[in-house]
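So that the names make sense, note that chain A is the first sequence line, chain B the second, and so on, each numbered from 1.
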Amino acid sequence: MTTRKVRVRFAPSPTGPLHIGGVRTALFNYLFAKKHGGDFILRIEDTDSTRFVEGAEEYINESMEWLGMPIDEGVKQGGEFGPYKQSERREIYKKYADQLVETGWAYYAFDTPSELDALRAKAEAEKVPFSYDMHTRNGLKNSLALSDDEVKQRMDAGEPWVIRFKMPENTEVQTNDMVRGSVTFNTATLDDKVLYKSADNLPTYHLANIVDDHLMEISHVIRGEEWLPSVPLHILLYRGLGWEDTMPQFAHLPLILKPTGKGKLSKRDGDKGGFPVFPLNWQLEDGIAMGYRESGYFPEAVVNLLALLGWNPGTEQELFSMDELIQLFTIERVNKSGARFDPDKAKWFNQQHLIRKEDAELATLFQVELKERGHEIGNGFVQEAVAMVKERVNFVSELWEQTAFFFEAPSTYDPKVVKKRWKGDVPAFMTELTPELDKVENWKADDIKATIAAQIEAKELGFGLVMNAFRLALVGGGFGPDLMTIAEMIGREETIQRVKAAVENIG
RNA sequence: GGUCCCUUCGUCUAGUGGUUAGGACACAUGGUUUUCAUCCAUGAAACAGGAGUUCGAUUCUCCUAGGGACUACCA
């Protein structure tokens with residue numbers, strides 16, 4: 001293969017929200033393109049007019065934007081190889097479909113879908129597979145079996161037709177897949193795929209993708225493993241069109257599998273396992289499909305976790321930025337086998353990226369929720385609070401439950417902690433403690449601690465017992481970061497208030 | 001059914017013709033900690049099976065088994 005410019009495309013079909021497997025395909029295309037200084041193209045494959053879904057294209061664009069994969073050429077961005085939407089390229093395909101018929105690589109067929117359905121049903125009843133292929137095509141209604149006159153007659157009468165690929169008999173087709181190595185097929189088991197349909201004057205995926213990849217000068221086709229079986233058809237199409245010498249190189253990515261059970265990851269798995277399968281939320285008739293963005297994931301965490309599903313750099317590094325991924329990515333290190341999606345590890349990736357974020361950035365993110373809860377707090381204070389708990393949350397959305405006591409007094413007290421820590425001399429001690437707290441000269445963690453410690457010693461009580469009770473009074477439970485720092489941050493007045501409230505309310 | 005692809009701890013994976021088969025998530029135990037978490041340490045945990053090639057195979061070949069994808073006028 002000559003050293004031509006790397007140009008790859010991500011070619012989703014606008015039939016609904018982008019599946020996470022599709023996102024991973026996009027990511028690997030993007031990484032490959034950027035690694036080689038090439039172009040990343042987004043092509044909308046809407047050749048199935050019956051499956052078009054409103055808003056899906058916009059969803060794809062928004063997803064790519066959120067994930068940080070800027071598109072070099074596409075419907076929105078434009079480019080010299082447009083249009084980038086297949087439904088706007090109608091005229092282009094017809095010409096090549098005709099060419100294939102003229103050169104004997106394809107033929108017209110008039111069999112209706114219902115006729116074919118009937119044949120399939122009949123075959124199934126007899127437990128033999130029906131296939132529109134070299135064995136059956138001569139007995140069906142097509143330009144191979146019918147006379148020229150009859151073909152012309154049917155065409156003139158406006159009868160719907162399709163153009164089918166005439167699969168050669170017993171030909172070995174070999175490909176050198178970048179992730180799988182040599183793969184060989186024999187055309188004897190392949191059928192005559194529909195390439196073009198008069199019903200909507202559009203090609204099917206197979207013809208459209210070959211024509212577009214050629215015209216758009218795509219150098220590498222990186223796509224999911226589900227396409228592997230159609231590789232021989234595609235190669236033959238390049239051959240039939242006379243483009244085999246500039247045919248792109250293929251790379252078929254392993255599938256992303258369900259966390260448990262069998263098969264590839266589907267929308268239902270997300271519902272069952274409580275994790276997102278889509279980058280962004282998507283409104284369904286009967287509910288909503290969860291998105292990573294709305295579930296609180298950082299785009300860089302999603303990119304990171306997806307990159308490691310089926311690829312690794314061969315080192316023990318697991319956390320990467322997009323730039324690092326671009327540097328390190330090679331198709332050669334893509335795995336062959338399917339990767340099972342692990343929701344736990346997905347969370348871990350988010351946590352790791354969260355920990356690495358600046359406190360200021362997290363604070364700003366967290367401020368949104370604080371405002372919703374009616375707390376107008378300076379960013380400095382929020383930063384301090386966030387810094388103390390960031391290592392114990394996976395998501396920004398978990399920050400509140402870990403820091404609520406910084407912003408408001410506890411309204412309830414964890415009964416288990418009450419039972420264990422609020423007993424004996426403790427309540428009385430807490431009452432006696434408040435005037436002592438009032439006397440702390442310098443309201444800093446160290447001084448507060450010294451004061452309390454002195455009191456504990458004077459009363460000969462257990463340090464742990466008292467501190468836990470004190471914690472219960474300030475935070476309402478047995479959790480949270482360093483207690484003295486909490487006291488320092490919420491201030492003397494508030495601390496004393498909370499101790500008094502605890503004495504009153506816990507009984 | 002047919003075609004093609006795949007197979008290292010539960011999961012994601014590294015790895016080499018000779019390794020104590022490494023890491024991460026999850027799990028368990030212990031330690032630190034005023035609690036929980038964090039953190040640290042430790043542990044349990046894998047080469048699907050069978051032949052063959054070889055002095056020696058997890059690694060190479062073949063077979064079997066298992067899994068997956070595809071098999072539409074969908075992509």
ask   = Can you name the residues that form a ring-ring contact (aromatic ring centres under 6.0 Å, His included) with A:F185, not counting sequence neighbours?
value = none

inquiry  = Under 3.5 Å for both donor-acceptor distances, Watson-Crick or wobble: does B:U61 have a partner, and if so which one?
reply    = B:A51

key: Qualifying residues under ring-ring contact (aromatic ring centres under 6.0 Å, His included), relative to A:F52, sequence neighbours excluded   = none

message = Strictly below 4.0 Å: does A:T204 bring a side-chain N or O up to OP1 or OP2 of B:C74?
response = no

request  = Output every pair passing salt bridge (Lys or Arg N to Asp or Glu O under 4.0 Å) with a member in residues 453-477 of chain A, not counting sequence neighbours, ordered by first then second residue.
outcome  = A:E432-A:K459

key: Listed partners of A:W443 passing ring-ring contact (aromatic ring centres under 6.0 Å, His included), at least two apart   = none

message = Using atom P in both nucleotides, what's the gap between B:G66 and B:A75 to the nearest angstrom?
response = 34 Å

query = Who are the side-chain hydrogen bond (donor to acceptor under 3.5 Å, both in side chains) partners of A:N335, not counting sequence neighbours?
reply = none

ask   = When all nucleic acid strands are considered with a 4.0 Å heavy-atom cut-off, which category describes A:R471: base, sugar-phosphate, or nothing?
value = base

key: For A:K267, side-chain hydrogen bond (donor to acceptor under 3.5 Å, both in side chains) partners two or more places apart   = none

request  = Would you mind telling me which of B:U11, B:C74, B:A69 lies closest to the side-chain atoms of A:D48?
outcome  = B:C74

query = If the P atom of B:C60 is compared with that of B:G68, how far apart are they to the nearest Å?
reply = 25 Å

N/O-N/O pairs, protein side and nucleotides 2-8 of chain B side, under 3.5 Å:
from : atom 1 : to     : atom 2 : distance (Å)
B:C5 : O2'    : A:R180 : NH1    : 2.4

ask   = When rounded to the nearest Å, what value does the distance between P atoms of B:C4 and B:U64 take?
value = 13 Å

Options B:A75, B:A24, B:U71, nucleotide nearest the side-chain atoms of A:W348 = B:A24

inquiry  = Applying side-chain contact (heavy atoms from CB on, under 4.5 Å), can you list everything that pairs with A:D46, at least two apart in sequence or on another chain?
reply    = A:P14, A:I44, A:K85, A:Q86, A:S87

RNA chain B: 5'-proximal contact among A:L257 and A:A11 (nearest heavy atom) = A:L257

inquiry  = Closest-nucleotide mapping onto RNA chain B: is A:N312 or A:P12 further toward the 5' terminus? I mean the 5' end.
reply    = A:N312

message = Measuring from the side chain of A:L309 (C-beta onward, heavy atoms only), which nucleotide among B:C12, B:A14, B:G22 has the closest atom?
response = B:C12

ask   = Expressed in angstrom and rounded to an integer, what is the separation of A:E226 atom CD from B:A75 atom P?
value = 13 Å

request  = Give the rounded distance in Å between these two atoms: CG of A:L195 and P of B:A75.
outcome  = 11 Å

message = Under 3.5 Å, is there any donor-acceptor pair linking the side chain of A:K345 to the base of B:A26?
response = no

task = Would you indicate what A:R43 reaches in the nucleic acid, counting non-hydrogen atoms under 4.0 angstrom: base, sugar-phosphate, or nothing?
result = nothing

Inter-nucleotide C1' distance (B:A65, B:G56), Å rounded = 27 Å

message = I need the CG-P distance between A:D269 and B:U11, as an integer number of Å.
response = 16 Å

key: Presence of salt bridge, A:K95 and A:D98, under 4.0 angstrom   = no

remark   = From CD1 of A:I448 across to P of B:U34 the rounded distance in Å is 16 Å

ask   = Taking atom P in both B:U61 and B:G17, what distance in whole Å separates the two?
value = 13 Å

request  = Return the value, rounded to whole Å, for the distance between atom CZ of A:R223 and atom P of B:A69.
outcome  = 17 Å

Spacing between A:K193 atom NZ and B:A75 atom P, to the nearest angstrom = 11 Å

Nearest-angstrom distance, C1' atom, B:G15 to B:C47 = 11 Å

request  = Could you please name the option among B:U11, B:G22, B:A69 that lies closest to any side-chain atom of A:E316?
outcome  = B:G22

Enumerate all atom pairs, one protein N or O and one N or O from nucleotides 38-41 of chain B, separated by less than 3.5 Å.
from  : atom 1 : to     : atom 2 : distance (Å)
B:U38 : O2'    : A:E391 : OE1    : 2.6

ask   = Over how many whole Å does the gap from A:F341 atom CZ to B:C25 atom P extend?
value = 16 Å

key: Pairing nucleotide - B:C39, Watson-Crick or G-U, each distance under 3.5 Å   = B:G31

request  = Select base, sugar-phosphate, or nothing to describe what A:T315 touches, counting heavy atoms under 4.0 Å on all strands.
outcome  = nothing

ask   = Counting side-chain heavy atoms from C-beta on, which of B:C73, B:U34, B:G10 comes nearest to A:M467?
value = B:U34

note = In whole angstroms, the gap separating P of B:G23 from CG of A:L319 amounts to 18 Å

ask   = In a check of ring pair (Phe, Tyr, Trp, His ring centres under 6.0 Å) between A:F395 and each of A:F349, A:F298, A:Y297, which one passes?
value = A:Y297

ask   = Is any side-chain N or O of A:N335 closer than 4.0 Å to OP1 or OP2 of B:A14?
value = yes

ask   = Using a cut-off of less than 4.0 Å, is there contact between a side-chain N or O of A:R120 and OP1 or OP2 of B:C73?
value = yes

query = Which part of the nucleic acid, if any, lies within reach of A:D46 when heavy atoms closer than 4.0 Å are counted: base, sugar-phosphate only, or nothing?
reply = nothing

request  = Run the salt-bridge test on A:E300 and A:K357 with the 4.0 Å N-O cut-off and return the result as yes or no.
outcome  = yes

key: ring-ring contact (aromatic ring centres under 6.0 Å, His included) partners of A:Y59, counting only residues at least two apart   = A:W282

request  = Evaluate the ring planes of A:F407 and A:F366, with Trp represented by its six-membered ring, and classify them as parallel (under 30°), tilted (30 to 60°) or perpendicular (over 60°).
outcome  = perpendicular

remark   = Any strand, both distances under 3.5 Å, Watson-Crick or G-U wobble: B:U3 pairs with B:A69

query = Any ion pair linking A:D342 and A:K345 (charged N to carboxylate O, less than 4.0 Å)?
reply = no

Between B:A24 and B:A14 - C1' atom distance, rounded Å = 11 Å

message = Nearest to the A:Y205 side chain among B:A75, B:C73, B:G68, which nucleotide is it?
response = B:A75

query = Which parts of residues 476-489 of chain A get close to RNA chain B, meaning a heavy atom less than 4.0 angstrom away?
reply = A:G478, A:F479, A:G480, A:P481, A:D482, A:L483

remark   = Against the side chain of A:A339, the closest entry in B:A75, B:U13, B:U34 is B:U13

query = If you measure from the P atom in B:G18 to the same atom in B:U11, how many Å do you get, rounded?
reply = 26 Å

All pairs passing salt bridge (Lys or Arg N to Asp or Glu O under 4.0 Å) where residues 162-181 of chain A contributes a residue, at least two apart = A:R180-A:E225

request  = Give a yes or no on whether A:E324 atom CD has more than 12 heavy-atom contacts from other residues, nucleotides or ligands under 6.0 Å away.
outcome  = yes

message = So A:K127, base contact, sugar-phosphate only, or nothing? Heavy-atom distance under 4.0 Å.
response = nothing

inquiry  = Under 3.5 Å for both donor-acceptor distances, Watson-Crick or wobble: does B:A46 have a partner, and if so which one?
reply    = none

